[in-house]
Amino acid sequence: MTKSGTKRHIRWQYAIGGSIVGVCLLGAGIAAASSSNLDELSGGDGSYTYSCDTTISGAHGTVIISRGTTCIIDAQISGSVVVNKPGAVIVRDSSVTGSITESLSSGTQICGTTVGGSVSVAGATGFVLIGDPGNGCYANTVTGSIVVTNNHNGLVVVGNTVGGSVVSSGNSGSGPLAGQYSPIVSGNHH
């Protein structure tokens with residue numbers, strides 16, 4: 001994956017989602033991918049890998065994810081992204097006109113993305129990553145607020161430009177690097 005011709009990777013590993021069949025409702029159509037059709041994405045040095053049950057790129061309407069791991073890469077989403085239990089989402093280098101809303105998801109990663117609404121992640125059972133430029137996850141630009149509550153398997157929200165507020169409460173779990181024993185929310189600005 002590249003941005004401005006630079007190879008990108010994350011210097012640490014964690015798991016997001018599983019290998020369940022992925023189902024996404026895209027506007028009026030339905031897209032699905034079976035676990036035998038997984039896309040594998042990895043950093044240039046292999047330090048970070050994840051599997052996508054479904055990969056979305058290009059122009060689409062609202063995306064609803066209810067199972068599996070959906071990767072939204074280099075996409076223009078003209079609506080919102082909604083993730084329900086037990087789905088997981090990875091959004092990279094994309095634009096979302098609406099909001100990204102997750103409830104009881106299996107985890108999330110949002111990097112290098114412009115969000116016209118807010119980002120809300122509540123009750124995630126997997127790791128939550130919303131920007132961390134120092135570790136290969138480019139910062140995001142969020143017009144609304146970032147609200148992360150009651151996520152219990154680690155959380156990093158770093159370096160994002162946020163039009164509204166950043167609200168973090170009830171989160172637990174360690175950061176991805178040695179010596180990080182609690183969620184990390186820092187360096188976000190207007």
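Quick caveat, the model's predicted, so the values are computed rather than measured. FYI, side chains are in, hydrogens and waters are out, and symmetry mates aren't considered; it's all heavy atoms of this structure.
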Check: [Y] main-chain N/O paired with [X] side-chain donor or acceptor under 3.5 Å:
| X | Y | value |
| --- | --- | --- |
| Ser106 | Pro86 | yes |
| Asp74 | Ser57 | no |
| Asn160 | Thr141 | no |
| Ser99 | Ser118 | yes |
| Asn140 | Ile110 | yes |

With rounding to the nearest 0.5 angstrom, report the [atom1] to [atom2] distance, [X] to [Y].
| X | Y | atom1 | atom2 | result |
| --- | --- | --- | --- | --- |
| Asp132 | Tyr138 | CG | OH | 12.5 Å |
| Cys52 | Ile73 | SG | CD1 | 6.0 Å |
| Ile90 | Ile65 | CD1 | CD1 | 10.0 Å |
| Leu129 | Thr108 | CG | OG1 | 8.0 Å |
| Asn150 | Ser103 | CG | OG | 10.5 Å |
| Ile130 | Asn188 | CD1 | CG | 9.0 Å |

Do [X] and [Y] come close enough that some side-chain heavy atom pair is under 4.5 Å?
| X | Y | result |
| --- | --- | --- |
| Val156 | Phe127 | yes |
| Cys71 | Thr54 | no |
| Leu104 | Asn84 | no |

Trace of the side-chain hydrogen bond (donor to acceptor under 3.5 Å, both in side chains) decision for Gln76 with Ser95: CA-CA 5 Å; Gln76 302 79 43; Ser95 63; 5.4 Å; no

Nearest non-hydrogen partners of [X] and [Y], listed with the distance:
| X | Y | result |
| --- | --- | --- |
| Gly164 | Ser145 | CA-OG, 3.6 Å |
| Ala139 | Gly159 | CB-O, 3.0 Å |
| Ile56 | Ala75 | O-CB, 4.0 Å |
| His190 | Val162 | ND1-O, 2.8 Å |
| Gly61 | Ser78 | CA-OG, 3.5 Å |
| Val83 | Ser105 | CG1-CB, 3.7 Å |

Do Val185 and Val119 share a hydrophobic cluster (ILVMFWY, side-chain heavy atoms under 4.5 Å, transitive)? yes

Going by the rule side chain to side chain contact (heavy atoms under 4.5 Å, CB included), which residues pair with Ser186 if we only count those two or more places apart in sequence or in a different chain? Val158, Ile184

Listed by chain and number, what are the side chain to side chain contact (heavy atoms under 4.5 Å, CB included) partners of Ser174, not counting sequence neighbours? none

Which residues pass the side chain to side chain donor-acceptor pair (under 3.5 Å) test with Ser168, sequence neighbours left out?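 Expected list: Asn171.
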
